[in-house]
Amino acid sequence: MQNLQKGLLIFLSFLISIPCFSQKVDFDRVVTPSEMGTRNFNEYLIQLAWMNSPENEALDFEKDLREFEFKAKKKDWMDDVRFSVNLNENNLNRKDTVFVIPGTDPSSANQTNLFPIFNFNATVSLGTFTNRKNRLGIAEQRVKIAESNINQKKLNVRLEILKRYENFLMFEEILKAVIQAEENANQALLLITDLFKADKASFEDYNAASISYNSAVEKRIKASAELKIAQYLIEEMIGISFDEAKKMRK
């Protein structure tokens, strides 16, 4: 009995946990829609990167195109319906043609009585309806594929812009540290220079301080360049300058 209760408890726990594993992604949170505000600067950069990309815009156009095709498929059965009207040429050409009133004696008139005056026909291919469900299904799946492509691209854009922004922040901190190291090296060089001039420091000490300072200058130049490149990589995605993005965010 206890084993049965334990088994039932495990089964119920499994059922409760299923929704957690099947949670759907809210892609409006992956990329915030343009009409909505963003929570922080990171999210704002993601929003800009999505809005200002011609490639992403093309994906939206592709989705619109598939939706138009799907709507067209819903009505394409009308293309296979054919209507025709055939007029009786004898009635049109004979001047003595009359219409006989039902219940009267046709022999009482000398005119020729020709019926029908016209024929009306409507035809439709059976394949129109038998294959319609498949055609609609194909068009609908193309819409879903277009939507999935957009959602996947949103995930890619979010990851890429966050990576680039993190790199920018990293190089920004590195540059601060390198600038501080350069200032320290410069102060050390000035001190050693004064001591060297006063014959209180050797040439080796002066030379080592000079090399250390030059190395710090080189590191600062490289760190500054890396920071600029990181900024350019962000601007490549957001479509505007990084400084302009910061001003707009404020």
Side-chain angles (χ1 to χ4, degrees), residues 25-61 148-250:
V25 177
D26 183 2
F27 287 95
D28 282 344
R29 299 187 67 179
V30 174
V31 176
T32 306
S34 57
E35 64 274 10
M36 295 176 59
T38 53
R39 298 185 296 269
N40 50 50
F41 189 62
N42 296 28
E43 298 297 328
Y44 180 63
L45 289 177
I46 295 169
Q47 188 182 69
L48 287 177
W50 180 261
M51 289 191 307
N52 296 336
S53 169
E55 183 180 359
N56 299 337
E57 190 177 26
L59 290 176
D60 287 329
F61 291 154
S148 296
N149 289 338
I150 290 175
N151 291 336
Q152 180 60 54
K153 190 62 184 298
K154 285 182 178 180
L155 293 172
N156 295 342
V157 167
R158 181 181 180 86
L159 173 63
E160 185 60 30
I161 193 66
L162 289 179
K163 284 170 56 179
R164 295 187 186 195
Y165 185 52
E166 286 299 321
N167 279 335
F168 173 85
L169 295 177
M170 178 184 68
F171 288 126
E172 193 175 45
E173 292 300 316
I174 289 175
L175 181 59
K176 291 178 182 179
V178 168
I179 289 175
Q180 184 61 50
E182 180 185 1
E183 292 178 355
N184 294 339
N186 184 46
Q187 292 296 324
L189 178 61
L190 292 175
L191 177 61
I192 292 297
T193 300
D194 291 340
L195 293 174
F196 178 71
K197 290 179 180 179
D199 290 332
K200 294 181 179 180
S202 65
F203 176 76
E204 288 77 9
D205 293 334
Y206 172 78
N207 189 50
S210 178
I211 292 174
S212 178
Y213 172 70
N214 291 333
S215 176
V217 171
E218 181 181 351
K219 289 179 180 178
R220 190 255 305 163
I221 293 172
K222 288 182 178 179
S224 179
E226 289 172 338
L227 180 61
K228 279 291 183 183
I229 292 173
Q231 177 178 322
Y232 297 151
L233 289 174
I234 292 175
E235 293 174 347
E236 179 191 19
M237 293 191 69
I238 65 177
I240 60 176
S241 72
F242 188 70
D243 291 335
E244 185 179 357
K246 289 191 289 187
K247 291 178 182 178
M248 290 173 61
R249 176 60 183 173
K250 293 179 181 179

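We number each residue from 1, following the sequence as shown.
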Do Asp205 and Ser202 have side-chain N/O donor and acceptor atoms under 3.5 Å apart? yes

Check the angle between the aromatic planes of Phe168 and Tyr165 and answer parallel, tilted or perpendicular using the 30° and 60° thresholds. parallel

Going by an N to O cut-off under 4.0 Å, is there a salt bridge joining Arg29 and Glu43? no

Donor-acceptor check, side chain of Ser212 to backbone of Ala208, threshold 3.5 angstrom: yes or no? no

Could you check whether Lys222 pairs with Glu226 (Lys NZ or Arg NE/NH1/NH2 to Asp/Glu carboxylate O, under 4.0 Å)? no

Give me the one residue out of Leu59, Asn56, Val31 that meets side chain to side chain contact (heavy atoms under 4.5 Å, CB included) with Ile150. Leu59

NZ/Lys153: more than 12 non-hydrogen atoms of other groups inside 6.0 Å: yes

Between Glu173 and Lys176, is the closest basic N to carboxylate O distance under 4.0 Å? yes

Any salt bridge linking Asp194 with Lys197? Criterion: basic side-chain nitrogen under 4.0 Å from a carboxylate oxygen. no

For the backbone of Ile238 and the side chain of Asn52, can you confirm whether one donor and one acceptor N or O come within less than 3.5 Å of each other? yes

Any side-chain to backbone donor/acceptor pair from Asn186 onto Glu182? Under 3.5 Å, distance only. no

Quick one: do the Gln231 and Glu235 side chains pair a donor with an acceptor below 3.5 Å? yes

Side-chain touch Trp50/Arg158, heavy atoms, less than 4.5 angstrom: no

Determine whether Glu218 and Asn214 satisfy the following criterion, side chain to side chain donor-acceptor pair (under 3.5 Å), listing intermediate values before the conclusion. CA-CA 6 Å; Glu218 181 181 351; Asn214 291 333; over 6 Å; no

Any donor-acceptor pair under 3.5 Å from Gln47 side chain to Pro33 backbone: yes

Scan side-chain atoms only and decide if Asn156 and Gln152 contain a donor-acceptor pair under the 3.5 Å cut-off. yes

Pairwise side-chain contact, Leu159 with Leu155, heavy-atom cut-off 4.5 Å (strictly under): no

Do any N or O atoms from the side chain of Arg220 and from the backbone of Val178 form a donor-acceptor pair under 3.5 angstrom? no

Atom CZ of Phe242 with >12 non-hydrogen neighbours under 6.0 angstrom: yes

Count the heavy atoms belonging to other residues, nucleotides or ligands that lie under 6.0 Å from CZ of Phe41, then report whether that count exceeds 12. yes

